[in-house]
Trainee: 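The structure under discussion is supplied below as structure tokens; questions concerning it will follow.
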Amino acid sequence: MSNSGTKPGNGQHLHLIDGSAFIFRAYHALPPLTRKSDGLPVGAVAGFCNMLWKYIEDARGDDAPTHAAVIFDHGSVTFRNNIYDQYKSNRPDLPEDLKPQFPLTREATLAFNVASIEVPDYEADDIIATLSCQMRDAGGRVTIISSDKDLMQLVGDGVAMLDPIKNKLIGRDEVFEKFGVYPDRVVDVQSLAGDAVDNVPGAPGIGIKTAAQLIQEYGDLDNLLASAEQIKQPKRRQTLIDNAEQIRLSRRLVTLDCETPLDFGLDKLEVRTPDPENLISFLNKMEFRTLTKRVADRFDVDAPAPSPVPAPIPGSATTAPARATAEAPAAPDMPPIDRGAYVTISDEATLAAWLAEITDKGAVAIDTETTGLDEMRADLVGVSLCVEAGRAAYIPLGHVLGQADLFGGGARAEGQMALDRALALLKPVLEDPGVLKILHNAKYDWKILARYGIRMTPVDDTMLMSYALNAGRHNHGMDELSETYLHHSAQPIKDLIGSGKAQITFDRVAIDAATAYAAEDADVTWRLWQLFRPQLPAEGVDTVYETLERPMIEVLAGMEMTGVRIDPDHLRAMSGNFSQKMAQLEQEAESLAGTRFNLGSPKQLGEILFGQMNLTGSKTGKSGAMSTSADVLEDLAAEGHDLPARVLDWRQVSKLKSTYTDALPQHVNPETGRVHTSYSIAGAQTGRLASTDPNLQNIPVRSEEGRRIREAFVAGPGMRLVSLDYSQIELRILAHVADIPALRQAFLDGLDIHALTASQMFNVPIEGMDPMIRRSAKAINFGVIYGISGFGLARNLRIPRAEAQAFIDTYFQRFPEIRAYMDRTVADAKRDGFVRTLFGRRIHTPGINQSGPAVGGARRAAINAPIQGAAADIIRRAMIRMPEAIRDIPAKMLLQVHDELVFEVEESAVEPLITAAREVMEGAAEPAVKLSVPLLVDAGVGASWAEAH
DNA sequence: GCCCTCACG
DNA sequence: GACGTACGTGAGGGCT
């Protein structure tokens, strides 16, 4: 700073922190956190400590305070109650769980080694006024950390205020903005306008605007009251004359007392560094683990955490920021989240008013509440709306009385609009192309609303924005993002519906509690959107979001709602079969082991194999237990041991039964008769989708036995299933991005790529090649994509490690471009903290610059990500174009399995579908990317998925 | 709630 | 020279 060393006055700078305001803000902004060990409510203390710590950290610049104190109200009764017994009498009682936290905040202040001041009979504001005067008179400066308007009368003459929420200085001009007068006349305006919050009467019918106008005209309050007779407006004149005494009383109430008796001098407030031991011990006692660690790190001492300290959140201030984004961006100028401030909408007029504002504004954050997680079955319970940070509302629609006994529950709760009326009002806005709907995980809400006849558009999704910006850094659930980016812990749903057996559905939650929860989610979504939206272009992922993420919402919603038909009888028959087989194998295993044991327990199996039978096992798992994984058992079986062979058979059957033949029929939706999976768009790090409930991306195919499960995935009457899958897409992408001429040419020539690789490596002709040689080459080709190692290849091929390493060496010799690509990719990852796919998708690689054995994994992930990710991008592009391309064909896209799309099509339209879909898939990279190798799509048709694949 | 195992690309 | 090791997922069962 240019003026450093030339500070005004005596160079002293006093910071006065409005402690009571801090506490209330912390209390309302944070969830009702309790201390884990004994349930003591500590939410406000936690918030208070965080703010105090942040303040101390922030105040270390070269305008740092020389003196500081936190000021508290001593009690609720003060000398002002002698002047006017109604003063502050309309304040609601303190919440029960806040009361015990007041003494703790005093203790916290002392632990931070900041002076803590309170005086009986006086308000914190009076103490602040007195100390401000003292410091100003001593020639120093004062900064009051508060946004309380009652303190604004003190501003000026070396006294400023700092709004800690907006981090904005409040000087004379800001005060004028608020009151229409400069600080020295603020008292006059307040005396006239009164204050509903503090129950200061003022003059009835006169607000701040009028008061300011009058004071400007008459100079000051005394002059105004003396000249009241001359006021032109008759009503105002009469009001002032009639209420002169009340106005004077108000002035005594709002005027801060600069003569508060204090038994110490300013020198007692000199800034002191906290004693790390004291501070950490207090924080640890409160069980604030994150803050304890933060403080410990700051002082470079060990956190005395008895329980493990959670890993720091990537992107938070405590971790070294990745270079991708300079820092976790500070939350923009937003008020703190206040769950108590949300509105419940229970009548049409109120809803109409909100919707009018939304239409006018052109954007709204939305969240729906339902009775469950299955979008195809859950019922709508309510909708929340948010129009700006902090201003949100909840429309309860399907709440029933819940907590009542067996006979009382179930009746519709009062204070709700009729569902159809609300939806009729909402529909035009939700479908209005001029109103942007902002959601978190929009596909969920989109599907729910679709079942109520609403096709929501246009839609923005903060989950997908986070994914485009930060894939690989952290997950993208709302709660996690709220913590990381808004520094706010959203209320857990468990608080409302419980968990486990006692869990209730959301429609049984009381409406006021539901409002606080649901509107908060919309509020958080809005804030995340404000934060993320400008980052997309700034971080170069706007195109990724717009072309690869956002359009997936509707495409996938359509596929999921269509669902796939299965034949439950076929599966049940298989289950019965499997049961018999398992019983048989269990019997054989029992006689081989000489004892009855649970074949499903790796622990018991390990004891028998490696204990009783004394077989040689080697590998240990994470927990130190002996591994009984398939490859271990296969080795033992190959040595001629029968028990491991039986266990392997049992495991295969058991897996097929429990995961597939038993589970899938339970997923049939009774209304549609079909199975509806759910795809996570932002689940995988690389851009791949993931399928859940049920997972239809891991239906067996590799074993003959398992493949029969695919026979149960069938087309409807008169229909066929068509499967189209990319041939070798990842190897083709590798040939392109690594620019490997030999590989490229082989793909252009349509050669058998694994045979070609073998031929080049071992100098043997492709014609009449030994299948084992081709198999080795195939394993290497796949290994390359995964970031090959001699160890991994050796294990995969079951060959000596040296031999595997020799293969790899030969491979790199023959295709040197691959080595170059790998080195380049790892270097990029180290430099940028992320890698990119051909289509611009960013995948962060946080582990790559660390040290230790984990780096190996991070390197391999970095090498794999651009390849797997580009393949994922390509099939996404195909899926997005597909609905339009097959618009006139009686066919629907049902499933995606990473490189495969499954359609259901009318028998007569099979050929047109294959032609159209293949064209889309093979051309999906273009025009964004012109690959140097062709993409090839294989097609299959059948009555079942088994036939089609 | 973690670990192991195994299904898929 | 030792360390651990293929990449990416989700589900079910055992066990604490």
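So that the names make sense, note that chain A is the first sequence line, chain B the second, and so on, each numbered from 1.
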Trainee: Under 4.0 Å between a side-chain nitrogen and a carboxylate oxygen: does that hold for A:E705 and A:K655?
Mentor: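 Salt bridge absent between A:E705 and A:K655.
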Trainee: Can you tell me the distance, in whole Å, between the CD1 atom of A:I699 and the P atom of C:dA11?
Mentor: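 About 11 Å, once rounded to whole Å.
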Trainee: Between B:dA7, B:dT5, C:dT5, which nucleotide gets closest to the side-chain atoms of A:S789?
Mentor: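 Ranking B:dA7, B:dT5, C:dT5 by closest atom to the A:S789 side chain puts C:dT5 first.
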Trainee: Within this structure, what is the CG-to-P distance between A:L664 and C:dG10, rounded to whole angstrom?
Mentor: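 So the two atoms are 17 Å apart, to the nearest Å.
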Trainee: Between A:R710 and A:E947, does the salt bridge (Lys or Arg N to Asp or Glu O under 4.0 Å) criterion hold? Intermediate values first, please.
Mentor: CA-CA 8 Å; A:R710 294 196 174 213; A:E947 287 178 31; over 6 Å; no
Trainee: Just checking A:E900: base, sugar-phosphate only, or nothing, at a heavy-atom cut-off of under 4.0 Å?
Mentor: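 A:E900: no heavy atom of the nucleic acid under 4.0 Å.
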Trainee: How close or far is atom C1' of C:dG10 from atom NE2 of A:H667, stated in whole angstroms?
Mentor: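 Atom NE2 in A:H667 sits about 11 Å away from atom C1' in C:dG10.
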Trainee: Just the rounded figure in Å: distance from C1' of C:dC7 to CD of A:E730.
Mentor: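 For the pair A:E730 CD and C:dC7 C1', the rounded distance is 8 Å.
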Trainee: Which nucleotide sits closest to the side chain of A:S658: C:dC15, C:dA11, C:dG13?
Mentor: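 The nucleotide sitting nearest to the side chain is C:dG13.
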Trainee: Which part of the nucleic acid, if any, lies within reach of A:A871 when heavy atoms closer than 4.0 Å are counted: base, sugar-phosphate only, or nothing?
Mentor: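 Since no nucleic acid heavy atom lies under 4.0 Å of A:A871, the category is nothing.
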Trainee: Does A:R702 get its side chain close enough to the base of B:dG9, under 3.5 Å, for a donor-acceptor pair?
Mentor: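 Per atom types, the contact qualifies.
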Trainee: What is the distance, rounded to the nearest whole Å, between atom CG of A:N598 and atom C1' of B:dT5?
Mentor: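 One finds 14 Å between C1' of B:dT5 and CG of A:N598, rounded.
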Trainee: Determine whether the side chains of A:E900 and A:H949 contain a donor N or O and an acceptor N or O closer than 3.5 Å.
Mentor: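 Yes - a donor-acceptor pair under 3.5 Å links their side chains.
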Trainee: Indicate, with a heavy-atom threshold strictly under 4.0 Å, whether A:N695 touches base, sugar-phosphate, or nothing.
Mentor: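 Contact class for A:N695: sugar-phosphate only.
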Trainee: For a quick check of understanding: with a heavy-atom distance under 4.0 Å over all strands, which category does A:A625 fall into, base, sugar-phosphate or nothing?
Mentor: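 Here A:A625 touches no strand at all.
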Trainee: Specify the separation, in whole Å, of atom CD1 of A:I733 and atom C1' of B:dG9.
Mentor: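 After rounding, the gap between these two atoms is 13 Å.
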Trainee: Once you round it to whole Å, what is the distance between P of C:dT16 and CD of A:Q604?
Mentor: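 My rounded result for the distance is 10 Å.
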Trainee: Could you tell me how the ring of A:F807 sits relative to the ring of A:F762: parallel (under 30°), tilted (30 to 60°) or perpendicular (over 60°)?
Mentor: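 It falls in the perpendicular class, over 60°.
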Trainee: Does OP1 or OP2 of C:dC15 have a side-chain N or O of A:S601 closer than 4.0 Å?
Mentor: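 Yes, A:S601 has a side-chain N/O under 4.0 Å of OP1/OP2 on C:dC15.
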Trainee: The side chain of A:R688 is closest to which nucleotide in this list: C:dC7, C:dG8, C:dA11?
Mentor: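 Selected nucleotide (nearest to the side chain): C:dG8.
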Trainee: When you check the phosphate oxygens OP1 and OP2 of C:dG13, does a side-chain N or O of A:K603 lie under 4.0 Å from one of them?
Mentor: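 Result: no.
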Trainee: Looking at A:V541 and A:G840, what are the two nearest heavy atoms and their distance?
Mentor: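 Answer, listing the atom of A:V541 first, then A:G840: CG1-O, 4.4 Å.
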Trainee: Grab the NZ-P distance between A:K657 and C:dA11 for me, whole Å please.
Mentor: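 Rounding to the nearest Å, NZ of A:K657 and P of C:dA11 are 19 Å apart.
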Trainee: By nearest atom, which of the nucleotides C:dA11, C:dG8, C:dC7 is closest to the A:H898 side chain?
Mentor: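 Nearest nucleotide to the side chain: C:dG8.
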Trainee: At under 4.0 Å, does any side-chain N or O of A:Q652 touch on OP1 or OP2 of B:dC6?
Mentor: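 For B:dC6, OP1/OP2 do not have a side-chain N/O of A:Q652 under 4.0 Å.
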Trainee: Select one nucleotide: of B:dC4, C:dT9, B:dG9, the one nearest the side-chain heavy atoms of A:V701.
Mentor: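 The answer is B:dG9, which lies nearest to the side chain.
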Trainee: Kindly say if A:T628 contacts the phosphate of B:dC4, meaning a side-chain N or O under 4.0 Å from OP1 or OP2.
Mentor: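 Negative; the distance criterion is not met.
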Trainee: Mind checking the P distance from B:dT5 to C:dA6? Whole angstroms is fine.
Mentor: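 B:dT5 and C:dA6 have their P atoms separated by 13 Å.
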Trainee: Record whether the side chain of A:R801 comes under 3.5 Å of the base of C:dT5 through a donor-acceptor pair of N or O atoms.
Mentor: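 Check passes, donor-acceptor contact within cut-off.
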Trainee: With a 4.0 Å cut-off on heavy atoms, is A:G783 in touch with a base, just the backbone sugar-phosphate, or nothing at all?
Mentor: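 A:G783: base contact, heavy atoms under 4.0 Å.
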Trainee: Can you tell me, in whole Å, how much space there is between the P of B:dC6 and that of C:dA2?
Mentor: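 That atom pair is separated by 31 Å.
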Trainee: To the side chain of A:S629, which of B:dC4, C:dG8, B:dC6 is closest?
Mentor: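 Out of B:dC4, C:dG8, B:dC6, the nucleotide with an atom closest to A:S629's side chain is B:dC6.
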Trainee: When you measure from the side chain of A:Y786, which nucleotide among C:dG10, C:dT9, B:dG9 comes out closest?
Mentor: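 Looking only at heavy atoms from C-beta outward on A:Y786, the closest nucleotide is B:dG9.
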Trainee: Do the side-chain N or O atoms of A:N864 get closer than 4.0 angstrom to the phosphate oxygens (OP1, OP2) of C:dA6?
Mentor: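 No, outside the criterion.
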Trainee: Which one, C:dG12, C:dA6, C:dG10, comes nearest to the side chain of A:F791?
Mentor: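 The answer is C:dA6.
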Trainee: Roughly how far apart are A:M761 CE and A:Q813 CD, rounded to 0.5 Å?
Mentor: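 Nearest 0.5 Å value for the CE-CD distance: 10.0 Å.
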Trainee: Which nucleotide in the list C:dA6, C:dA11, C:dC7 gets nearest to the side chain of A:Q868?
Mentor: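 Nearest to the side chain of A:Q868 among the choices is C:dC7.
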Trainee: Just checking, is any N or O donor in the side chain of A:T692 or A:S678 under 3.5 Å from an acceptor N or O on the other one?
Mentor: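 No - no donor-acceptor pair under 3.5 Å links their side chains.
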Trainee: Can you tell which of B:dA7, C:dA11, C:dA6 lies closest to the side chain of A:T659?
Mentor: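 Nearest to the side-chain atoms of A:T659, counting from C-beta on, is C:dA11.
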Trainee: Under 3.5 Å, is there a donor-acceptor pair linking the side chains of A:S680 and A:R688?
Mentor: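 A:R688 and A:S680 do not have a side-chain donor-acceptor pair below 3.5 Å.
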Trainee: Under a 3.5 Å cut-off for both distances, is C:dG8 Watson-Crick or wobble paired, and to whom?
Mentor: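 The base-pairing partner of C:dG8, which may sit in any strand shown, is B:dC8.
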Trainee: Please classify the nucleic acid contact of A:I788 as base, sugar-phosphate, or nothing, using heavy-atom distances under 4.0 Å.
Mentor: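 Since a base atom lies under 4.0 Å of A:I788, the category is base.
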Trainee: Using a 4.0 Å heavy-atom cut-off across all strands, classify A:A862 as base, sugar-phosphate, or nothing.
Mentor: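 Nothing, no heavy atom under 4.0 Å.
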